[in-house]
Amino acid sequence: MSSNTIRMEELVSLCKRRGFIYPASEIYGGLNGFWDYGPLGTELKNNLRDAWWHDMVRCPPAGPDGEPVSIVGLDSSIIQNPRVWEASGHVGGFNDPMVDCRETKSRYRADHLFCLGVKGETGGQIYAYLENDDESLASARKKLEKYVKRTLADEELDTCALTSLPAEALAATVGPDTKAVGTLTEPRQFNLMFKTFVGAVQDDESAAYLRPETAQGIFLNFANVVDTMRVKVPFGIAQVGKAFRNEVTPRNFIFRSREFEQMEIEWFCHGDEAEQWFEFWCDVRKSWWESLGLTSDNVMMRKHDADELAHYAKEGCGTFDVEYRFPFTAPGYGELEGVAHRGDYDLRRHEEFSKKKLTYFDQPKNERYLPHVIEPSAGLSRGTLAMLCEAYTPDPERASKVYMAFNPRLAPIKAAIFPLVNKDGMPEMASKLHQDLRRRWPVQYDAKQSIGKRYARMDEAGCPWCFTVDSDSLTDQSVTIRDRDSLSQDRVAIDQVENWLAERLG
RNA sequence: GCGGGUGUAGCUCAAUGGUAGAGCGUCAGCCUUCCAAGCUGAAUGUUGACGGUUCGAGUCCGUUCACCCGCUCCA
């Protein structure tokens, strides 16, 4: 077991202990791939979401030409007309039948397997091989010739798709990487979209899907936004929301869960300008993650190889991932956000399927066209996990042995207010300060147990500052500020505490 | 979906087939004048779930669920 997995277990343990993240429906034994956010996790996730909305929708950075950019918000339905997912390509691409080999434990896409047999002969063994793989084909032919005990001419060979085989022929089939017969399972559907039914009657007519991405809701409303919001291309539409995928293997805490949250922008621009906007968004998004505390060593941009490009990204200039070095991927990286050049794929497909015109008329250019799309698609759940991983700071010197070094902007608790001792007028004074501050920020009051324990509790919760009222406070009207990261203690006038915090929190 | 591992209090872990425990945390009281201090007390468990073997199962067996690791998958 590597030290990284130990650290991950410690993080999961802290998340539960301090109310960040719990297993979903835990009292019933949990459910694979689902997690609940506790009180502190909810605050953290909301803070990350709000920071994104503020920095991308309300105050986005200036564009490449120095002019302000325009982004508007949206909140579309999780369930849409099922034809949406036909148009988007998810119904086709999400349902690949797979075949497993019981012997070698390999898994193959059924439509990538072909079978080799002797022409005209039925009932004999047949040999599966991988499509477009000469080595695999040669191996299958060799095994077949050994089976029939003679060399076969090319014209004696018969091939067919594995998916076209009847069940009894499949039972006589030898897998690509084995010599035993009948080790392949029947092709099984992997439905990555959650299916549900709209209305009380559950028949095929009423079948629908939970969205596997929030993006499509934006494309569906492109024309509505253009018609009603006086926006001009280039502009963006942003949306935050839940998405659902029946992942084959949910893993790594909330990194790959079946219900998760996305923060997506669809940036609509002229095709000629798409490339410069693509570069712009790659830069903006990487810097944004770094501005929240992810150190640049742990963040990298990675261009997708041609063979891993999504169906929608093949026509544009590709996809860059913003990747983070999670403890469970280290020394490698895991995807935090994908910035994809989708071309005009989505609007074009929805035009085809809906028969509605989705072109944009550009007045200054006097030109009608389908805008191209740059999509910075970030994982809110993954971002929250990255923030938890980055903040987790072991420190054997301090009582808690670990503290969460959240950026104050994201910290679930912004400040704690303590009476040093729970008597002599200190609790009254501290409580008054707490009442005043909680109108503006999530702050906590704690008078129980020793001051050291209270500091330690706040360290694990990632609270950046503690204000302590002591006996001097009663005479000089000042309090001690204890800094989470430096452990330094400074004095500030009690009537200046709110300003002091406002300067640091905005 | 496959293989391996794990599952006992909120957390970390003990318990030869024979009475389910400890530390920490939490809570209450006393105390305490700046970093999990001290004292006293309390709550918390169908030992993940179901079934079997046994006089007796946390322990052995089977099934199942969840988590971790490795495959596979990740539009």
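A salt bridge links A:Glu26 with A:Lys16: the closest approach of a Lys/Arg side-chain nitrogen to an acidic carboxylate oxygen falls below 4.0 angstrom. A:Asp459 has no carboxylate O lying under 4.0 Å from a charged side-chain N of A:Lys401, or vice versa, which leaves the two without a salt bridge. Taking a cutoff of 4.0 Å between a charged side-chain nitrogen and a carboxylate oxygen, A:Lys303 and A:Asp321 do not qualify as a salt bridge.
For A:Thr480 and B:C34, a side-chain-to-base donor-acceptor distance below 3.5 Å is present, hydrogens and geometry of angles not being considered. Judged by distance alone, with hydrogens and angles left aside, A:Tyr455 brings a side-chain donor or acceptor within reach of the base of B:C34, the pair sitting under 3.5 Å. Between the base of B:C68 and the side chain of A:Arg251 there is no donor-acceptor pair shorter than 3.5 Å. For a distance-only test at 3.5 Å, the side chain of A:Glu9 fails to qualify as a donor-acceptor partner of the base of B:C68. Residue A:Ser450 places no side-chain atom within donor-acceptor reach of the base of B:U32, judged by atom type and a 3.5 Å distance cut-off alone.
Taking 4.0 angstrom as the limit, A:Asn32 places a side-chain polar atom (N or O) nearer than this to OP1 or OP2 of B:C67. When the side-chain nitrogen and oxygen atoms of A:Asn252 are compared with OP1 and OP2 of B:C69, one or more of them lie within a distance under 4.0 Å. Contact annotation: A:Lys453 reaches the phosphate of B:G25 (side-chain N/O to OP1 or OP2, under 4.0 Å). Considering only side-chain N and O atoms, A:Gln449 lies under 4.0 angstrom from the phosphate OP1 or OP2 of B:U26.
With a 6.0 Å cutoff to the six-membered ring centre and a 45° limit on the axis angle, A:Arg482 counts as a cation-pi contact of A:Tyr455. Annotation: cation-pi geometry satisfied between A:Arg454 and A:Phe418 (NZ/CZ under 6.0 angstrom from ring centroid, within 45° of ring axis).
The gap from the C1' atom of B:U47 to that of B:C60 amounts to 16 Å, rounded to the nearest Å. Between the C1' atoms of B:G25 and B:G10, the separation comes to 7 Å (whole Å). Across B:G4 and B:G56, the matching C1' atoms stand 32 Å from one another, rounded to whole Å. Spacing of P atoms, B:C31 relative to B:U46, comes out at 37 Å, to the nearest Å. Distance check on atom C1': B:A14 versus B:G21 gives 7 Å, rounded to whole Å. Nucleotides B:U63 and B:G3, compared at atom P, are 11 Å apart to the nearest Å. Comparing the same atom, P, in B:U54 and in B:U16 gives a spacing of 23 Å after rounding to whole Å.
Within 4.0 Å of A:Asp424, counting heavy atoms only, lies at least one base atom of the nucleic acid. Residue contacts shown for A:Arg482 include a base, since a base heavy atom lies under 4.0 Å away. If you check every strand for non-hydrogen atoms under 4.0 Å, A:Gly338 touches nothing. Among the atoms of the strands shown, base atoms are found under 4.0 Å from some heavy atom of A:Arg18. Base contact: A:Glu460 has a heavy atom under 4.0 Å from a base atom.
Of the residues A:Phe20, A:Tyr37, A:Tyr22, the one that meets the side-chain contact (heavy atoms from CB on, under 4.5 Å) test with A:Cys15 is A:Phe20.
Secondary-structure stems of RNA chain B, taken as three or more successive Watson-Crick or G-U wobble pairs (i with j, i+1 with j-1) under a 3.5 Å distance threshold, comprise B:1-7 with B:65-71, B:10-13 with B:21-24, B:26-30 with B:38-42, B:48-52 with B:60-64.
The OH atom of A:Tyr28 sits 23 Å away from the P atom of B:U64 (whole-angstrom rounding). Rounded to an integer number of Å, the gap from A:Arg245 CZ to B:A75 P is 8 Å. Between A:Leu192 atom CG and B:A75 atom C1' the separation is 8 Å, expressed in whole Å. Between the CZ atom of A:Arg17 and the P atom of B:G10 there is a distance of 14 Å, given to the nearest Å. Across the protein-nucleic acid pair, A:Glu247 atom CD and B:A66 atom P stand 16 Å apart, rounded to whole Å.
Close placement of the A:Phe268 and A:Phe222 rings is indicated, their centers lying within 6.0 Å of each other.
Where A:Gly452 and A:Lys448 each meet RNA chain B at their nearest nucleotide, the meeting point lying more 5' is that of A:Lys448. Each of A:Phe34 and A:Lys401 lies near RNA chain B, and the nucleotide nearest A:Lys401 is the one positioned closer to the 5' end.
Counting only distance, with no hydrogens or angles, the side chain of A:Arg285 and the backbone of A:Gly338 share no donor-acceptor pair below 3.5 Å.
Listed nucleotides B:C34, B:C69, B:C27 differ in distance to A:Arg491; the shortest reach to its side chain belongs to B:C34.
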Start with the C-alpha gap between A:Tyr209 and A:Gln80, add the side-chain angles, then the distance that decides, and say whether side chain to side chain donor-acceptor pair (under 3.5 Å) holds.
CA-CA 7 Å; A:Tyr209 300 96; A:Gln80 303 280 2; over 6 Å; no
